[in-house]
Amino acid sequence: MARRYDTNDATDRATGLREAASAVRRGELVVLPTDTVYGIGADAFSSEAVADLLAAKGRGRNMPTPVLIGSPNTLHGLVTDFSEQAWELVDAFWPGALTIVAKHQPSLQWDLGDTRGTVAVRMPLHPVAIELLTEVGPMAVSSANLSGHPAPEDCDAAQEMLGDSVSVYLDGGPTPGNVPSSIVDVSRGVPLLLREGAISPEELRKVVPDLEVAN
């Protein structure tokens, strides 16, 4: 039976974060608010939990799960060949609605789907998400919807779709917006905008003037 906690209530928030952290460590799924939409998350280093996440969404391995982190410093253990331009993007837009695709450390024992040696990573601008990520470490997090359905902007919508496949729901109220993060690939040298989202190409080019845009 899924448990739900109101993170706008101080007591409920403390209990909910504790329960969510315990659930993640047990390899279970949690739903959490972010600065874009609600996400469904699992321990990034548990292949079984990530597989359960994909199954809960009805999503295939061909769409790998992004990873959320609680601090830019965490990147040092996750990625390799991270350019000066990539760090400039981090400095300018994190925490926030920018997802960066980079080569992951080959030594990492994880299975996020068919990633072809890369990882999509982001630090969200949301206190509840940051607190949970700081407690449990990197989490595989995807939008908390069934594949093909709209990404949820509130906890009710997420719970209606995902039900008891999730152990803990952290209800932070409506999210600030439903615009997804922008995605920039830095794994091939020149930064490439794969998806235009909350951050426009013009804003990105103020930091990386040679940004290219995928067709």
Side-chain angles (χ1 to χ4, degrees), residues 1-44 46 49-50 52-54 56-59 63 65-72 74 93-100 112 120-147 149-183 195 197-199:
M1 184 73 177
R3 289 155 289 158
R4 179 165 165 171
Y5 300 91
D6 178 4
T7 61
N8 292 310
D9 175 271
T11 302
D12 229 25
R13 173 176 171 147
T15 304
L17 282 164
R18 185 173 64 248
E19 291 295 317
S22 296
V24 171
R25 294 188 182 106
R26 290 193 301 269
E28 297 170 2
L29 305 180
V30 302
V31 159
L32 64 154
T34 78
D35 49 337
T36 54
V37 296
Y38 272 77
I40 177 174
D43 179 356
S46 169
V50 175
D52 287 345
L53 187 159
L54 293 173
K57 283 176 59 75
R59 182 169 173 168
M63 297 179 69
T65 307
V67 170
L68 295 189
I69 59 176
S71 166
T74 307
F93 298 109
W94 279 16
L98 176 65
T99 297
I100 296 176
L112 302 168
V121 64
R122 183 167 90 87
M123 180 183 176
L125 181 58
H126 196 289
V128 173
I130 291 291
E131 196 167 339
L132 180 59
L133 292 161
T134 300
E135 177 66 26
V136 302
M139 289 180 62
V141 179
S142 182
S143 54
N145 59 293
L146 294 174
S147 191
H149 291 250
E153 298 172 58
D154 58 50
C155 198
D156 286 342
Q159 192 163 8
E160 284 172 16
M161 285 186 277
L162 300 172
D164 287 340
S165 63
V166 171
S167 293
V168 175
Y169 288 84
L170 297 177
D171 181 1
T175 58
N178 66 347
V179 181
S181 64
S182 297
I183 302 176
R195 180 179 76 189
I199 303 171

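These numbers come from a predicted model, not from an experiment. Just the heavy atoms: all of them, side chains too, but no hydrogens, waters or symmetry mates, feed the values below.
Here the closest non-hydrogen pair linking P138 and V67 is CB-CG1, 3.8 Å. Considering every non-hydrogen atom in both P152 and A144, the closest pair reads CG-O, 3.1 Å. Residues A129 and L32 approach most closely at CB-CD1, 3.8 Å, considering heavy atoms. For the residue pair D6 and N8, the shortest heavy atom distance occurs at OD1-N, 2.9 Å. Considering every non-hydrogen atom in both P95 and P124, the closest pair reads CB-O, 3.5 Å. Here the closest non-hydrogen pair linking A42 and V24 is C-CG1, 4.4 Å.
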Test side chain to side chain contact (heavy atoms under 4.5 Å, CB included) applied to V30 and M139, step by step: CA-CA 10 Å; V30 302; M139 289 180 62; 3.7 Å; yes
Start with the C-alpha distance between D35 and R122, add both sets of side-chain angles, then the distance that settles side chain to side chain contact (heavy atoms under 4.5 Å, CB included), and finish with yes or no. CA-CA 11 Å; D35 49 337; R122 183 167 90 87; 3.0 Å; yes
Working note: E131 + T134, criterion side chain to side chain contact (heavy atoms under 4.5 Å, CB included); need CA distance, chi angles, decisive distance, verdict. CA-CA 5 Å; E131 196 167 339; T134 300; 5.8 Å; no
Between Y169 and L162, is a side chain to side chain contact (heavy atoms under 4.5 Å, CB included) present by the stated rule, with each step listed? CA-CA 10 Å; Y169 288 84; L162 300 172; 3.5 Å; yes
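Within the 4.5 Å cutoff, the side chain of S165 has no heavy atoms near those of the K57 side chain. At a threshold of 4.5 Å between non-hydrogen side-chain atoms, the residues T65 and S142 count as touching. In this structure, I130 and M123 have side chains that are in contact, with non-hydrogen atoms separated by less than 4.5 Å. Contact check for V128 versus L17: side-chain heavy atoms found under the 4.5 Å cut-off. The side-chain heavy atoms of D43 and V136, taken from C-beta on, include no pair separated by under 4.5 Å.
We find the CG-CG distance between L68 and L133 to be 5.5 Å, quoted to the nearest 0.5 Å. Once rounded to the nearest 0.5 Å, the distance linking OG of S147 with CE of M161 reads 11.0 Å. Atom CD of E135 sits about 8.5 Å away from atom OG of S22, to the nearest 0.5 Å. Rounded to the nearest 0.5 angstrom, T7 OG1 and L170 CG are separated by 6.5 Å. Atom-to-atom distance recorded for I100:CD1 and S182:OG is 11.0 Å, nearest 0.5 angstrom. Distance CD1/I40 to CG/N145: 9.0 Å, rounded to 0.5 Å.
Residues T99 and S181 have side chains that bring a donor and an acceptor to within less than 3.5 angstrom of each other.
Between the side chain of T34 and the main chain of T36, a donor-acceptor pair closer than 3.5 Å is present. When atom types are taken as modelled, the side chain of Y38 and the backbone of G172 share a donor-acceptor pair closer than 3.5 angstrom. For the pair T74 (side chain) and S71 (backbone), a donor-acceptor distance under 3.5 Å is present.
We find that D156 and R4 are joined by a salt bridge, their nearest charged nitrogen and carboxylate oxygen being less than 4.0 Å apart.
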